[in-house]
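Data block below; observations after.
In what follows, chains are A, B, ... by sequence order, proteins preceding strands, each numbered from 1. In this text, all values refer to a predicted model and were calculated from it rather than measured experimentally.
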Amino acid sequence: MLVLGIETSCDETAVGIVEDRLTLHANVIASQTDLHAPYGGVVPEVAARAHLEQLLPTIDRALVQSGARLSDVDAIAVTHGPGLVGALLVGVSAAKGLALAHDLPLLGVNHLRAHVEVAQLEYGDLTPPLVALVVSGGHTSIVVMDEDGTFRQLGSTIDDAAGEAFDKIARFIGLPFPGGPEIDKLAWGGDPSAYAFPRAMQHDGSYDMSLSGLKTAVVRELRRLEAAGQEPDLADVAASFQEAIVDVQLEKTLAAAAAEDIDQVVLAGGVAANSRLRQRFAAACETNGQRLVVPSIPLCTDNGAMVAASGSNLLAAGSSAGIDLAVDPNLPLAG
Amino acid sequence: MLVLGIESSTARSSVALVDDERVVASASLGIARRHGEFLAPAIRFCLTQAGIEVRDIHGVAVGLGPGLFTGLRVGIATAQAFAAARQLPTVGLCGLDVLAFEVRYSIRPICVTIDARRGELFWAFYRSVPGGVQRETEPRVGRVDELIAEIEAQGEEVLVVGDGALRERHRLQEAHVQLGGPEIAWPDATHLAQLALPRFVREETVRPEQLLPIYLRQADVRIGWEQRGRLRGGVAPEAST
Ligand SMILES: [Zn+2]
């Protein structure tokens with residue numbers, strides 16, 4: 001069964017094609033990063049306009065990459081939430097057009113679940129239970145996939161998503177958007193213990209996180225140094241800031257795994273491309289004897305393959321959507 | 001020749017199947033926020049009720065606005081994908097032209113004006129010609145005062161139609177106008193498809209990816225930035241048009 005997946009929930013126009021749930025045939029992304037860079041963040045109206053211009057060519061390229069024709073496809077999967085409503089509507093409308101044209105089943109994919117399920121393309125069938133950290137510019141959540149394949153959210157950020165914090169701090173120290181990869185690069189030359197930035201809610205026993213205080217602390221420290229006439233070592237600042245984020249995510253995720261008695265951990269989402277996060281999780285999981293599942297970087301950032309993979313699971317489970325599928329910008333993970 | 005029409009650029013969305021002789025089937029909805037869920041089921045409804053197979057459709061016509069951004073994109077994305085999947089030719093039409101076509105027998109000059117929200121209107125002026133209407137001004141966006149000035153400049157009584165005319169009827173009555181009612185306030189897919197049909201016959205068509213909305217303003221970019229960009233530390237670039 002060949003499933004074509006469409007992703008337009010934020011600032012990537014992406015299409016993936018997956019066969020029989022596990023085999024990736026195409027993964028094409030038309031990134032809008034350059035369009036949003038002048039604004040220092042994703043502008044919803046700019047995103048929606050660009051999705052409409054990019055989507056058909058992106059579908060075309062994915063079909064060419066896979067060597068399939070649209071008439072070979074068995075179902076159309078599309079992200080219907082969470083995300084930016086205007087952006088989601090472009091993808092969902094196009095998916096309906098394709099489904100109508102060839103009388104194909106339509107599969108409504110949850111973007112957050114898809115970030116986790118994409119791992120099956122590289123690791124084979126996931127064997128729940130597992131704990132996953134879903135971390136990106138739009139979300140920072142700790143979730144559990146139970147044995148029966150259902151998802152539960154244990155906790156999430158109560159303010160900024162981790163990717164948002166990266167963007168904000170990058171901008172403050174003069175790095176381009178998107179900030180995540182830039183901070184990551186800069187931090188390689190820095191000392192992660194140079195500054196003791198706060199780790200909010202680290203030991204409060206919950207699985208929620210807060211990043212706005214950390215952001216403020218970094219900005220305040222830089223202003224203090226400036227006022228004192230001292231030149232900050234930006235590599236040290238980047239490394240210390242990144243370490244504070246990684247510490248909290250790591251500790252909370254592993255605490256969740258321990259409390260749920262689960263020995264499998266999945267890293268998912270765009271910020272899972274962060275090299276320090278990957279390194280610290282790899283080391284910790286090895287020490288604890290836990291299995292760590294981390295998709296390769298092109299499958300961590302928003303992509304169409306994850307939508308096709310998650311859609312394939314829905315198709316296999318017989319849960320296709322109606323042609324009246326609605327978008328839900330706040331689609332919850334569970335249910 | 002059978003044409004599928006899709007129009008969702010205003011507060012009303014509609015779909016229609018039209019051939020050379022008649023409107024074969026149509027459906028419409030006047031609730032703007034449901035555009036995204038309405039169009040595809042409505043197309044299926046029309047096909048099923050008329051007993052028509054997808055492969056019997058020869059072309060897809062869609063409204064390009066100007067209008068409400070989100071609905072506009074819902075219609076165009078649906079039309080693009082449907083047409084591309086069936087390798088069908090497409091025609092995109094300005095919604096103002098479609099409304100003017102609906103009142104093509106008017107002896108007066110025609111002004112079509114669509115509610116652009118945020119206190120503004122879209123409009124263009126037309127005149128009847130044999131077989132239809134001719135657009136005399138480029139579509140533009142502006143405030144009702146500017147529209148009234150342009151109507152006065154016509155020097156004769158003008159027929160004003162569209163949901164913009166409904167919204168501004170009290171102000172427009174100051175000018176020398178005849179106002180259209182709610183029955184001709186929104187562009188409709190049946191008229192859209194009828195207006196597009198001769199273009200399919202003459203093969204004046206475009207490829208689906210060439211269908212793009214008519215954006216008369218960039219305002220939403222700024223508003224979007226206000227909501228998201230500043231929170232993320234962005235600096236608004238200079239407004240572009
Ligand atoms: Zn994502």
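- Chain B forms the most heavy-atom pairs under 4.5 Å with one residue out of A/Leu70, A/Leu98, A/Val92, A/Asp60, and that residue is A/Leu98.
- Of the listed residues (A/Val90, A/Leu106, A/Asp103), the one with the most heavy-atom contacts under 4.5 Å to chain B is A/Val90.
- Counting heavy-atom pairs under 4.5 Å between each of A/Ile59, A/Leu55, A/Leu89, A/Val85 and chain B puts A/Leu89 at the top.
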Chi angles and distances behind the salt bridge (charged side-chain N to carboxylate O under 4.0 Å, His left out) call for A/Glu164, A/Lys168: CA-CA 6 Å; A/Glu164 243 175 313; A/Lys168 176 74 198 278; over 6 Å; no
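- Outside the 6.0 Å centre-distance limit, the rings of B/Tyr126 and B/Phe101 are not counted as a close aromatic pair.
- When each of B/Pro208, B/Pro41, B/Ala84 is checked for heavy-atom pairs under 4.5 Å with chain A, B/Pro41 comes out on top.
- Here the shortest heavy-atom pairing between A/Leu107 and A/Gly311 reads CD1-O, 3.3 Å.
- Most heavy-atom pairs under 4.5 Å with chain B, from the set A/Val327, A/Leu325, A/Ile323: that is A/Ile323.
- When all heavy atoms of B/Asp163 and B/Ile114 are compared, the closest pair comes out as OD1-CA, 3.3 Å.
- Going from atom NE2 of A/His102 over to atom CG of A/Asp74 covers 12.0 Å, rounded to the nearest 0.5 Å.
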Full working for salt bridge (charged side-chain N to carboxylate O under 4.0 Å, His left out) between A/Asp160 and A/Lys215: CA-CA 9 Å; A/Asp160 293 350; A/Lys215 225 169 55 180; 2.3 Å; yes
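- Between chain A and the residues B/Ala81, B/Ala42, B/Gly75, the largest count of heavy-atom pairs under 4.5 Å involves B/Ala81.
- Looking at A/Thr79 and A/Glu7, their side chains do bring a donor and an acceptor atom within 3.5 Å of each other.
- Ranked by heavy-atom pairs under 4.5 Å with chain A, the first of B/Arg73, B/His35, B/Arg44 is B/Arg73.
- Heavy atoms closer than 4.5 Å to chain A are found in the side chain of B/Tyr215, but not in its backbone.
- Chosen from B/Val54, B/Thr78, B/Leu212, the residue pairing most often with chain A at heavy-atom distances under 4.5 Å is B/Thr78.
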